[in-house]
Structures are given as C-alpha cells and as structure tokens.
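FYI, the numbering just counts along the sequence from 1.
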Amino acid sequence: MDGASTHIDFIAIFLAAFSAFVLGGLWYGPLFGKVWQYHVGISEEALSERNMPLVFGGAFLLMLLAAVDLALFIGPQATLRFGAMAGLAAGVGWFATLLGVTYLFERRSLSLWLVNGAYGALALTIMGAILGSH
C-alpha cells in the first residue's frame, strides 16, 4: 500500500465530524427531540442532569472516529458525489439496517428507528460529501 492511499485530510475529518455533531444537535433538539425523548423515555429533568461536557465531548470524539473511518473507506480520490453516495450507502445499508435489527430484538418503536436511522443516514451522507470534496 503506498502513502497516497492512506492520506488523511484532517481538516476534512474535522469538518465532517463537526457537521454530524451540529446535525445531531438540531435533529435531537428542535427537529425530533421530543419524539426521541418520548420513545426512549427520557424526561427534561433527566436530560438536564447529564454531564454535558462528557456527553458532548464523547459524541464529538465518536464523530471524529466515524469521519476517519469513512475517509479511509471512500479513499483520497473520492469526489463530492462519490463521497455522498458512499455515505448514504453506509448510512442506510449499514447503520440503519443494523440499528433496525437491534430494535426488532429490543422491541423498540418504528418511530424511534426512523428518527435514529434517518439521522445516521443523513449524517453519513453529509460527512461523505465533505470528505469527498476535499
């Protein structure tokens, strides 16, 4: 394997992770926060008692890891279109489907699967587009 095939664009990685982080804030906040809270059984009080630096720091770190993984998967020659399509394929074909299997066994609601699965699919699509455009 030559050095070019393992090149990582750290700015693109950061931007991709940041995009998923911001999308998550919107998705699980004003867009679908109440639906998500209802289906996972988390009250406003319970949300306010969380260690927010740990939650947000951990979430961003995990998004960085996901961005690195996606960057390595799509490769350094990816285009914006290829990156977006690969992100969509990973989001729908892997993330949402595996989440769906888990939800079937856990007897979770279709609504929760739609909220979480759609977030993952959209986040990975945007991440892929960012990674592919750099």
Side-chain angles (χ1 to χ4, degrees):
M1 186 181 289
D2 65 19
S5 64
T6 58
H7 172 75
I8 294 178
D9 183 338
F10 291 103
I11 293 171
I13 296 289
F14 178 83
L15 292 173
F18 186 71
S19 74
F21 185 77
V22 170
L23 178 63
L26 294 170
W27 198 266
Y28 293 102
L31 295 176
F32 301 104
K34 296 296 181 196
V35 174
W36 173 79
Q37 279 181 255
Y38 172 78
H39 287 286
V40 295
I42 296 177
S43 67
E44 288 291 331
E45 181 182 353
L47 285 176
S48 68
E49 294 173 352
R50 297 181 301 176
N51 180 340
M52 297 313 282
L54 178 64
V55 170
F56 286 118
F60 189 73
L61 177 62
L62 291 169
M63 287 301 150
L64 282 171
L65 292 173
V68 168
D69 182 64
L70 188 57
L72 293 172
F73 177 70
I74 67 174
Q77 302 303 319
T79 63
L80 183 146
R81 179 182 165 97
F82 178 81
M85 293 306 293
L88 177 63
V92 173
W94 292 331
F95 179 81
T97 57
L98 292 172
L99 193 63
V101 170
T102 301
Y103 281 23
L104 284 170
F105 281 95
E106 293 178 354
R107 300 182 63 178
R108 292 185 179 248
S109 71
L110 175 62
S111 296
L112 183 60
W113 177 73
L114 290 171
V115 168
N116 289 333
Y119 163 72
L122 184 57
L124 285 165
T125 301
I126 294 168
M127 289 171 74
I130 291 168
L131 294 166
S133 70
H134 283 261

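In the hydrophobic cluster analysis, where Ile, Leu, Val, Met, Phe, Trp and Tyr join through side-chain heavy atoms closer than 4.5 angstrom, V68 is grouped apart from L62. The hydrophobic clustering, which links ILVMFWY residues whose side-chain heavy atoms are closer than 4.5 Å, places V40 and Y28 together. A single hydrophobic cluster is not seen to contain both V55 and L23; linkage of ILVMFWY side chains at heavy-atom distances under 4.5 Å, directly or through other members, places them apart. In the hydrophobic clustering of this structure, F10 groups with L70; members are Ile, Leu, Val, Met, Phe, Trp, Tyr whose side-chain heavy atoms approach within less than 4.5 Å, directly or through other members. Residue F32 is grouped with residue L26 when hydrophobic side chains (ILVMFWY) are merged at heavy-atom distances under 4.5 angstrom, including chains of intermediate members.
A pairwise comparison of heavy atoms in M127 and A66 identifies CE-C, 3.9 Å as the closest pair. The nearest pair of heavy atoms linking A67 to A17 is CB-N, 4.1 Å. Taking every heavy atom of both residues into account, G128 and I74 meet most closely at O-CD1, 4.1 Å. Closest approach of A123 to A20, counting heavy atoms only: CB-CB, 4.1 Å. Contact detail for S109 and H39: the closest heavy-atom pair is OG-ND1, 2.9 Å.
Here the side chains of Y119 and V115 are not in contact, with every heavy-atom distance at 4.5 Å or above. Using a 4.5 Å heavy-atom cutoff, the side chains of I13 and L64 are in contact. A 4.5 Å side-chain heavy-atom check between I11 and F14 finds every atom pair outside the cut-off. In this structure, the side chains of L47 and Q37 come closer than 4.5 Å at one or more pairs of heavy atoms. Under the 4.5 Å side-chain criterion, counting only non-hydrogen atoms from C-beta, W36 is in contact with I42.
Judged purely by atom type and a 3.5 angstrom limit, W113 has no side-chain atom pairing as donor or acceptor with the backbone of T97.
Residues satisfying the side chain to side chain donor-acceptor pair (under 3.5 Å) test with R108, not counting sequence neighbours, are E106. Legend: residues meeting ring pair (Phe, Tyr, Trp, His ring centres under 6.0 Å) with F56, ordered by chain and number and at least two apart, are F21. Residues satisfying the salt bridge (Lys or Arg N to Asp or Glu O under 4.0 Å) test with E44, not counting sequence neighbours, are K34.
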Worked check of side chain to side chain contact (heavy atoms under 4.5 Å, CB included) between W27 and L122:
CA-CA 10 Å; W27 198 266; L122 184 57; 3.8 Å; yes
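L104 contributes atom CG, which lies 10.0 Å from atom CG of L99 (distance to the nearest 0.5 angstrom). Here the OH atom belonging to Y103 is positioned 4.0 Å from the CG atom belonging to L112, to the nearest 0.5 angstrom. Rounding to the nearest 0.5 angstrom, the gap separating the CD1 atom in I130 from the CD1 atom in I126 is 7.0 Å. For the atom pair CG of L80 and NE2 of H134, the computed distance is 9.0 Å after rounding to the nearest 0.5 Å.
The 12-atom threshold is not exceeded at CZ of R81, counting heavy atoms of other residues, nucleotides or ligands nearer than 6.0 Å. Counting heavy-atom neighbours within 6.0 Å of E49 CD, excluding the residue itself, gives a total above 12.
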